[in-house]
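From a predicted model like this one, the values you see are computed outputs, not experimental measurements. Residue numbering restarts at 1 for every chain, and letters A, B, ... go by the order of the sequence lines.
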Amino acid sequence: MFSPRRLKAMVIKEFIHIIRDWRSLFLAIAIPVMLILLFGYALNTDLKNIPTGVVDMSNTPQSRELISIFDGSDYFSVKRGYASYEQLQQDMRMKRILTGVIIKRDFADRVLKNEETSVQVLIDGSDANTGRQALNYIQALSMIYNTQIKAERAGLTGYTSGGVQAAVVPRAWYNQGMVSTYMIVPGILAIVMAVIAAMLASVTVAREWETGTMEQLISTPVRRLELTFGKVIPLYCIGLADVIIAVGLGRLVFGVPMRGNPALLFFVATIFLTGVLFFGLVLSINLKKQVLANQIAIVTGFLPTLILSGFVFTIANMPLPIRILTHVFPARYFVSMLKSIYLKGVGLEMIFLNFLFLLIYTGLMVLIANKRLKMRLN
Amino acid sequence: MKLLTIKSMLKKELKQMLRDAKMRMIIFVFPLIQLMVFSFALTMDVKNIDIAVLDYDKTVTTREITDRFQSGGYFIIKKYASSADELRMMLDRGDVRGAVVFAKGTEKKILSREMAEVQVIGDGTMSNDAGTIFSYASGVINLYNAEKNADMMTSEVTFQTRSLFNVNLLSRNYYVPGLIALMIMVTSMLLTSIAIVREKEIGTIEQVMVTPITRPEFIIGKTMPFMLTGLITSSMMFVMARIIFGITIKGSILLLYLIIIINILTYLGLALLVSASARTQQQALLTSFFLMMPSALLSGYMFPVNNMPTAVQYFTYLVPMRWGLEGIIGVVVKGATFHEMSKQLMWLCIHAVFFLTVASIKFKKTLE
Amino acid sequence: MNKTSFAVYAESITKKYKDVTAADNISLGVNEGEIYGLIGPDGAGKTTMLRIIAGILKPDSGSVYVCGHSCDTEHDAVKDSIAYMSQKFGLYPDLTVWENIKFYADLYGVEKHGLKEHIEDLLDFSYMRPFKKRQAGRLSGGMKQKLQLVCALVHKPEVLLLDEPTNGVDPVSRRDFWKILYKLVADGMTIVMSTAYLDEAERCSRIGLMNAGRVIAEGSPDEVVKNSGLNMLSVRCGNCRKASATLKKEFGADRVHAFGDKFRIFSADISADRKKLTEMSADFIVTDEIPVLEDIFMSMQKDMSADDRILSRVTDDIARRSGESLKVTGLTKKFGDFTAVNSINLTVPYGEIFGFLGPNGAGKSTTIKMLCGLLPPTSGSGRVGGMDVMKDAEKIKASIGYMSQKFSLYEDLKVYENIDFYGGIYGLKNAELERRRDWALELSGLRDRKNEMTSVLVGGWRQRLALACSILHKPSIVFLDEPTSGADPASRRLFWAIINELALHGVTVFVSTHYMEEAEYCDRLALIFRGEMIAMGRPDVLKSEMMRDNIIEVKVNRPQDYIEDLTAVRGVMDVSLFGAGLHLRTEDISAEEGIAGFFRERKISADVRKVLPSMEDVFVSMIEKADPEGKNV
């Protein structure tokens with residue numbers, strides 16, 4: 001028979017463990033705060049002020065005008081005074097600049113004579129992502145510059161445009177300003193919970209085996225369910241505190257909108273947390289050693305959640321086998337649901353499939369943990 | 001400092017570490033598996049973008065433009081929506097990542113040489129992807145414009161862009177070596193951080209400290225095995241990067257190892273510091289996680305340092321992984337020389353010396 | 001046998017681990033209200049048996065019934081009617097005394113109404129009320145064990161299972177612990193316990209003597225001894241160490257055992273042997289002895305020649321030294337406001353065995369740690385092995401050996417790997433390392449098991465291996481902090497023989513212990529209490545000169561029943577359990593008559609006589625003198 005009183009006793013005991021180990025408690029709360037602040041203030045993928053080296057062999061009003069277009073944009077910040085291509089390349093290797101512009105000696109002549117000419121632009125391709133963004137900016141600049149010249153020429157020759165004109169009007173739904181913080185806050189929630197919760201849970205049972213208290217415990221009438229839930233509930237509270245902190249900070253400090261139903265968010269978070277905590281417990285129960293269980297919790301929690309959850313890297317862009325693999329990590333469903341609830345404001349019916357998967361995962365973990373927990377020595 | 005003492009410490013540590021088959025897995029196999037999986041997963045190359053089309057115009061021209069979206073290589077038209085509501089539903093559910101909407105009268109405008117607007121919708125919950133979708137869409141439309149106006153093109157200034165070090169701007173050329181830098185941190189920090197606290201918990205440290213072993217000998221004995229395993233795993237990872245992803249080391253291998261060794265030393269120092277100040281293994285692991293997480297994020301790996309606020313950019317000087325990452329990318333991808341890497345090397349050395357010294361002082365205090 | 005008439009009934013229990021048989025077809029029955037002791041050498045299967053009875057280990061075959069419930073099919077009912085106290089400290093160190101008790105009360109579903117009062121009662125009953133807010137990790141060893149007992153008692157179990165509950169507990173705390181056990185039995189509780197202390201075994205109603213997974217004898221301690229068919233002689237002499245060799249040569253090593261300040265000899269023909277002994281030396285005082293449990297333990301050990309082989313090699317390569325090995329004055333250690341050790345003065349020559357006695361937490365370990373350079377003293381001066389304690393801590397370490405209280409070998413290394421590791425950090429190499437490794441394997445008796453993991457070793461082997469590792473480098477001063485705690489009597493005996501050999505070769509041995517009979521083997525003893533050295537001297541001097549009170553021993557059935565009444569007898573200062581009987585501390589001899597009269601009046605047959613104080617009497621009386629209110633014990 002399940003006894004609420006025994007469960008309560010377990011819960012209180014685990015709470016005391018947590019409170020007495022204030023350092024771990026502090027870390028469990030501090031990590032999400034730190035991450036949110038970091039992401040909110042410091043980290044974003046929108047490239048600005050790309051350090052750009054310029055070799056200006058022309059050194060004419062025309063070339064300076066071109067450079068000022070670079071410098072005048074938000075995207076580039078120009079460093080002058082480079083003499084040669086080699087110099088640019090060296091500075092690029094030393095990571096002092098990310099792009100380089102080389103303007104040829106005859107640049108001004110050809111522009112004035114209305115002849116075709118070219119400007120060489122070097123991009124540090126070592127960070128392909130940054131490189132590609134820089135490339136996009138340069139393409140945009142090129143269009144602006146050419147239109148500007150054309151306009152000048154048109155002014156001179158009276159030429160008017162009469163071609164086909166279609167233009168893209170971009171609309172980013174759910175995140176009009178394309179603020180990366182909006183997508184990052186929900187992602188952090190998942191990472192923090194997946195790792196911290198699994199880590200904390202992964203030591204609980206193993207520690208009791210290592211110190212010998214487990215032998216004492218299993219000689220009492222305590223039942224499996226009481227033991228597992230007794231261990232999980234206090235950690236669940238910490239996890240929930242983390243969720244509240246993350247949601248609160250996101251809202252108050254960074255103005256991340258909460259378009260969906262907060263109750264739904266907490267409900268989904270509860271299912272996710274339970275699943276992850278029981279996963280940690282499964283590790284702890286099977287491995288019986290704190291170090292081992294903890295290592296595996298981190299290895300299977302930290303990087304996979306960061307990389308495979310669709311938080312920073314879109315799952316749809318990954319090759320098929322990896323896409324299939326992501327289904328193993330519950331963070332995938334959670335991140336996807338969080339974003340939907342947060343930014344799209346949808347209800348449960350829109351995220352039902354993800355929810356179902358998460359539920360299955362959690363149920364499985366609860367089942368395995370209770371199945372594997374041995375109430376006898378061997 | 002006696003070599004024999006260090007040797008016995010080393011032997012003992014290696015045996016303890018490698019005895020357990022599960023531990024061997026964690027040390028040698030896990031990093032490789034992770035490298036494999038993540039290397040494939042880590043990509044900012046947006047492709048196979050599922051989009052929906054909502055065509056209110058339904059004319060030859062809009063169909064032509066739609067075809068261009070389909071055949072451009074980036075977009076896959078998943079569905080033709082019949083109403084705005086349906087479109088919203090599809091985006092809400094996440095069935096598509098974007099949509100193209102043609103307003104009524106689009107063809108008329110194009111034929112009469114007026115400015116015709118094509119609305120492109122991106123799912124802003126992945127702001128990066130949305131940006132890429134817009135620029136791809138612009139590319140499609142620009143090409144369309146250019147082809148239609150081919151006869152009217154005049155001479156102009158072209159920007160000849162050239163991407164150095166990575167001609168095709170392949171993400172993996174960057175992400176894979178970067179991932180190795182990240183794995184070096186994770187593997188050398190985690191296990192080392194429990195090295196001392198574990199002996200404290202079991203009580204063996206007392207017995208060892210009463211022998212004539214000196215502090216440096218003890219610390220070297222504790223860290224060297226992790227240096228060894230760190231070097232072995234990173235070598236294996238580079239071999240794998242070569243075989244599977246075709247990533248070659250452009251610069252000097254010697255310089256690469258120099259950077260890796262100093263980088264590992266920094267992590268070992270940091271981890272020892274954590275280990276010496278923690279009371280339990282759990283605390284040590286949580287603390288090292290607390291340190292690793294921001295290190296990974298502030299290193300510039302996924303989020304370029306240049307994008308950060310100035311104050312934070314200065315703060316990243318204190319992040320060892322930043323220098324390890326820049327060093328490894330510098331040598332592997334750009335083929336940088338010793339001289340060119342002097343700044344990174346200098347900072348790595350500063351970190352290594354600082355952390356090892358502080359760890360050693362802290363270690364002394366914990367014994368008393 | 002009828003399984004329901006016993007409190008605990010086990011029927012043909014067999015349990016095998018890989019290649020070891022821990023329980024080999026064991027059947028036993030424990031009556032209601034008795035204390036049943038499982039006694040036997042390390043690895044005999046005592047813990048396995050207790051675990052099986054507690055229902056936390058499944059036997060390969062056989063069945064166990066507790067209060068009529070089957071451990072297999074009615075596991076829940078069994079759990080409700082028992083309490084089990086494991087050998088390891090099974091409580092949560094970061095929970096307070098109160099929180100730990102409350103936790104177990106809730107797990108057992110103890111009636112909530114009046115629970116608070118019930119717990120308070122238990123705390124009073126175990127003299128722990130003042131500590132109820134202290135975290136369990138900060139309690140002394142004795143109190144930890146008492147707390148564990150209280151937690152086990154909180155649901156008023158019918159059967160109490162105790163696995164070596166008094167390991168590493170000092171004599172004063174041990175007496176408290178037994179007072180509690182007796183009170184429980186008086187209330188009708190059944191107790192099944194295992195113990196390494198033979199005086200505790202003698203207090204049991206019945207004992208089961210185990211060896212190699214079998215119960216080889218069962219009955220009351222007296223019956224077990226009587227049925228063993230052993231005959232004993234004892235020899236007291238002036239120079240014991242010298243006599244040892246002569247006696248062993250004459251009677252064979254298997255038959256002669258040092259025992260406190262005398263030798264006990266197994267004899268097949270008492271009168272012939274007595275004659276032989278008196279002819280051997282005029283110094284020998286020969287007496288007939290009634291065999292005791294320890295003799296049975298010694299007789300169970302088959303191959304005594306192995307012990308002799310070990311002993312013959314103890315001092316291989318050790319250089320003999322003489323003169324002063326250690327001299328310290330005013331050695332003090334403070335942790336913040338707390339003075340752990342207060343101004344200790346010591347001068348010890350080479351070749352002396354110097355014992356530290358004292359309750360748990362009195363400052364013994366701290367003193368030892370300072371002397372071997374692990375802890376820098378707050379103040380004081382002196383030299384250890386010629387090196388300055390304050391300045392040359394590092395140099396001291398090279399010339400001493402230290403064996404810490406906790407088992408300090410690496411459990412995840414193999415036996416020989418541990419030896420190689422310590423050999424390496426002590427700077428031994430190649431041929432020398434080989435020689436010392438061989439020596440260490442011999443000393444620990446693990447030559448055939450050198451490839452086993454250290455974690456599987458039990459009791460005596462573990463401790464001898466730890467000792468061997470700590471003296472690989474042939475130190476001239478050795479510190480042993482409770483080296484024999486938890487080992488069986490035979491291993492302890494061997495361990496002390498090793499210590500003796502070392503001392504004979506000029507090695508100074510510092511040792512702390514809770515076994516009072518071991519204290520007798522020391523050349524000199526220091527009694528440490530609350531960081532102060534309250535007495536120091538030779539054991540016989542401490543017993544005769546420091547101890548002014550007389551000790552009257554009473555042997556009687558159910559001695560626990562008379563403790564309170566006897567306290568009221570005129571001239572009696574204190575009554576305490578001692579072995580199977582009582583020791584009464586009296587002001588003068590005349591009290592003996594009063595005590596004999598006490599039993600005559602009640603028509604109870606009792607054996608009352610004046611005896612020499614034992615070390616335990618000295619210890620307890622000194623502690624009580626220093627701490628009359630019993631606050632800090």
Side-chain angles (χ1 to χ4, degrees), chain A residues 1-25 200 203-231 233-234 287-292 295 373-378, chain C residues 15 17 47-48 50-60 71-72 75-96 98-112 115 135-137 148 151-152 154-155 157 159-161 163 411-412:
Chain A
M1 309 121 280
F2 180 83
S3 146
R5 178 159 172 216
R6 283 198 292 260
L7 177 65
K8 194 179 138 206
M10 281 297 298
V11 169
I12 291 174
K13 178 196 85 117
E14 294 293 327
F15 258 122
I16 297 174
H17 287 320
I18 292 168
I19 291 163
R20 299 265 152 86
D21 184 7
W22 63 269
R23 190 165 142 176
S24 294
L25 179 65
L200 291 175
V203 295
T204 51
V205 177
R207 188 175 52 205
E208 299 230 25
W209 279 117
E210 278 182 17
T211 55
T213 45
M214 198 63 176
E215 189 176 335
Q216 195 72 62
L217 206 55
I218 55 175
S219 75
T220 72
V222 74
R223 303 297 140 94
R224 276 197 191 95
L225 277 180
E226 293 153 7
L227 207 148
T228 52
F229 276 93
K231 293 210 162 276
I233 289 172
L287 298 168
K288 287 193 180 178
K289 283 200 184 122
Q290 292 185 62
V291 187
L292 217 53
Q295 293 284 337
L373 182 64
K374 294 272 181 300
M375 298 302 274
R376 284 177 196 254
L377 301 165
N378 59 42
Chain C
K15 177 76 192 173
Y17 301 103
T47 298
T48 303
L50 281 168
R51 284 173 171 171
I52 289 174
I53 297 172
I56 56 173
L57 188 66
K58 226 179 153 70
D60 297 337
C71 277
D72 202 32
H75 196 187
D76 292 338
V78 170
K79 279 182 169 184
D80 282 331
S81 51
I82 61 154
Y84 168 71
M85 189 171 144
S86 67
Q87 201 169 17
K88 275 189 180 176
F89 179 59
L91 299 175
Y92 301 96
D94 50 348
L95 264 63
T96 62
W98 182 270
E99 286 161 352
N100 266 303
I101 302 174
K102 181 74 174 34
F103 174 63
Y104 279 97
D106 287 339
L107 285 193
Y108 280 110
V110 179
E111 177 61 44
K112 269 186 185 167
L115 175 60
Q135 287 184 25
Q148 226 177 331
C151 286
V154 75
H155 69 297
V159 177
L160 184 59
L161 306 167
D163 196 1
E411 302 212 345
D412 49 355

Exercise. How many angstroms lie between NZ in K112(C) and CZ in R5(A), if you round to the nearest 0.5 Å?
Worked result: 5.0 Å
Tell me, side chain or backbone of [X] under 4.5 Å from chain C's heavy atoms, or both, or neither?
X	value
I218(A)	both
T220(A)	both
M214(A)	neither

Exercise. Which atom pair, heavy atoms only, marks the closest approach of K88(C) to W209(A)?
Worked result: NZ-O, 4.3 Å
Problem set entry | Whether over 12 other heavy atoms sit under 6.0 Å from K374(A) NZ | yes
Within the distance-only criterion (no hydrogens, no angle test), does the side chain of [X] pair as donor or acceptor with the backbone N or O of [Y] below 3.5 angstrom?
X	Y	result
D80(C)	P221(A)	no
Q87(C)	T47(C)	no
K289(A)	A206(A)	no

For this session: Examine whether an atom of L107(C) lies under 4.5 Å from a heavy atom of chain A, and if so say whether it belongs to the side chain, the backbone or both; otherwise answer neither.
Result: both
Problem set entry | Side chain, backbone, both or neither of H75(C) within contact of chain A (heavy atoms, under 4.5 Å) | side chain
For this session: Assess whether salt bridge (Lys or Arg N to Asp or Glu O under 4.0 Å) is satisfied between D163(C) and R51(C), documenting all intermediate values.
Result: CA-CA 9 Å; D163(C) 196 1; R51(C) 284 173 171 171; 5.5 Å; no
For this session: Check the side chains of Y84(C) and E215(A) for a donor-acceptor pair under 3.5 angstrom, ignoring hydrogens and angles.
Result: yes
For this session: Mind ranking E226(A), M375(A), E208(A) by heavy-atom pairs under 4.5 Å with chain C and telling me who comes out on top?
Result: E208(A)
Exercise. For chain C, which residues from residues 14-23 of chain A have at least one heavy atom closer than 4.5 Å to it?
Worked result: I16(A), H17(A), R20(A)
Exercise. Who wins among H155(C), Q135(C), K102(C) for the most heavy-atom pairs under 4.5 Å with chain A?
Worked result: Q135(C)
For this session: Give the intermediate values and the outcome of side-chain contact (heavy atoms from CB on, under 4.5 Å) for residues I53(C) and V159(C).
Result: CA-CA 10 Å; I53(C) 297 172; V159(C) 177; 5.6 Å; no
